[in-house]
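Because the structure is a prediction, the values reported are computed rather than measured. The chains referred to below are lettered A, B, ... by the order of the sequence lines, with proteins before strands, and numbering in each begins at 1.
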Amino acid sequence: MIHAVALGGMLYVLWLLLSGYWTDGLLLSLGAVSTVLCVLTARRMGIVDREGVPIRQAIRAVTYWPWLAWQVILSNITVAKIILNPKLPISPTLAIVPYTQKTDLGQVIFANSITLTPGTISVDMALDGILVHALEGSGIDDLMEGEMDRRVTAFEGER
Amino acid sequence: MELIVDLISWACILTGGTFLLTGGIGILRMPDFYTRIHAASLMDTMGAGMILVGLIFQTGFTLGSVKLLLVLLFLILTGPVSTHALAGAALTAGLRPKNTDDRTGGTFMGPMTHVAENDPPHPDLIGEDHR
Amino acid sequence: MFIAATLAILATMVLALVRAFVGPSVYDRILAVNAFGTKTVLLIAVLGYVTERPDFIDVALVYALINFVGTIAVMKFHKYSSLAGPPADRDDFADL
Amino acid sequence: MTFDQFIDIALFAFLAATAIAMLRANSLFAAAMLSGIFSLLCAGLYTVMDAVDVAFTEAAVGAGISTVLFLGTLALTSSRAKAQRTIHWPALFMVFVTGAVLIWSTLDMPLYGDPNAPIHHHVADRYIEDSAEEVGPPNIVTSVLASYRGFDTMGETTVIFTAGMAVLLLLGGPALMAPFRRKGEKGAEATSEPAKAPSKTRSGKGDT
């Protein structure tokens, strides 16, 4: 229930921001009706749960996203240097990076964080880890150290 | 004050443009598909992100900047998903990374068993350089 | 300044187009089309400022979503050789 | 030459280059992907010309659905073009004549964006001046669509609803698509399976 309320509130705020009409009562109520319709549809589809509406993670994102953004900027500069280097010093590497997240949601966040950071992409899920293709071997080494994994597990917040 | 905001937004837009161009060059220079993806993600994260952040600074606190922020959010949330889908589909279809240091023990670099057994990939799925 | 950004986006569009023309594999082309879609979103957003009509952002917003759905549909097609999704007896494809 | 014109010219040049590349491509998959780029370029051009609604449609239908439909067609047929290098002269002649007639007919049209063109004074004046009192909503387009052209909109909504259903069918999973599969293909017997069954399983068992 709390997930449905959170989803509805989020959708209504989105509606307000996109429409820009804050005063007209008729339009506001019509927006509310469409929000409720969307939430009902989502409930019927069975996606209003801890995975579909991650409330806890939304709060924790305040600390995780800035760190991720900084990582993205750092690795962007690294990859840009490689591309602009006339010798193109790449050493593509394929490896399986283990994860410690318990839930599907946490694993998806980890895999997407890997992909979002240039220089490493998650290609597939294997039994014991995420198959990662990296532009350089050092990218894999950084992932293997496990800092991103630890932070995502903390972000996931499941025990 | 206005000058400072202008300067910040110009710096952001210029950085974004530079990263876009770098990513574009990378897409052309990289030797195989899997390395090209890395260059493309350069454009999607820093390129698009910096340009949109610069535009947000130009707009100030209005509904317009909220919408720009939403564009940025959609791009950042959907970009990795389509990149992952692309790479995963290429590997499943049998496109092999070239000159790659394989630390998986060869499980992913050999012929794909279920593809070979169930339906052989279409020649066009693999591409002219792998035939 | 916006003009510089527009020029950068147009130049990147040319580079992505070249990659789409030469291929060689189908995935390179899909990558190029996806990148091209992102560039279109950016171009529309920036053009709104060049022509001083920032309401173009709504268009950019919708494009960002359409581009994603298009890419995922194409990928789904390539991965399963049909648009229907994974056959019910093949669990190992269920991760897309 | 203003910067707007420069953008127009650049986009049209990309468009022409894409069209030529599409003609020369032997691999039909490549041509399908290029047609996606073609549609995106068209949509960009429409946006530059302020035809935002047309641009929406072009992006959704041209770049999205029709690329997928092309690919679906290619899955059922061959994906290589037959090597055909001879030129069909009567066809080429007809294309040139048609193009010439179309270009000739544009000479009579009012200039692009001319505020005095007849099209801008047929009913548009009344929409702009009176719609706030006659209908109510702050957005003129909404009044036109929902009231002045209500029946037209009803038909359009039907079309869009149908398109939405089609997208659901395409993306909806094996059970929904089972009746449309070719005979003998795996999964054709999965009609009674609920659609979300495969997505609930744990991923990534098969690749090792």
Reported CG-to-CD1 distance for the pair B:L52 and C:I57, which is rounded to 0.5 angstrom: 9.5 Å
When the 4.5 angstrom heavy-atom criterion is applied to B:A48 and chain C, the contacting part is both
Dump the intermediate steps for side chain to side chain contact (heavy atoms under 4.5 Å, CB included) on C:L15 and B:I27, then the final yes or no. CA-CA 8 Å; C:L15 297 172; B:I27 281 198; over 6 Å; no
Side chain to side chain contact (heavy atoms under 4.5 Å, CB included) between B:T59 and C:Y49: does it pass, once the steps are laid out? CA-CA 9 Å; B:T59 323; C:Y49 286 83; 2.5 Å; yes
Heavy-atom proximity to chain B below 4.5 Å, by part of C:F2: side chain
Looking at CG of C:N67 and CZ of B:F74, how far apart are the two atoms once the value is rounded to the nearest 0.5 Å? 13.0 Å
Contact class of C:T71 relative to chain B, heavy atoms under 4.5 angstrom: side chain
Minimum heavy-atom distance between C:R19 and B:M30, given as atom pair plus value: NH2-O, 4.2 Å
Heavy-atom distances under 4.5 Å only: say whether C:A16 touches chain B with side chain, backbone, both or neither. neither
In this structure, CG of B:D32 is separated from CG of C:D28 (nearest 0.5 Å) by 8.0 Å
Please flag which part of B:L63 lies under 4.5 Å from any non-hydrogen atom of chain C: side chain, backbone, both or neither. neither
Check whether B:L21 gets within reach of chain C through its side chain, its backbone, both or neither, counting any heavy atom under 4.5 Å. both
Closest non-hydrogen atoms of C:A8 and B:G17, given as atom of the first, atom of the second and distance, are CB-CA, 3.8 Å
Of the listed B:I25, B:L75, B:L68, the one with the largest count of heavy-atom pairs under 4.5 Å with chain C is B:L68
Okay, C:L7 and chain B: the region with an atom under 4.5 Å from a heavy atom over there is neither
Turns out that what part of B:L20 lies under 4.5 Å from chain C's heavy atoms comes down to both
By a 4.5 Å heavy-atom criterion (distance strictly below it), what part of B:M50 contacts chain C: side chain, backbone, both, or neither? neither
Heavy-atom pairs under 4.5 Å with chain B - which of C:V46, C:T38, C:L42 has more of them than the others? C:L42
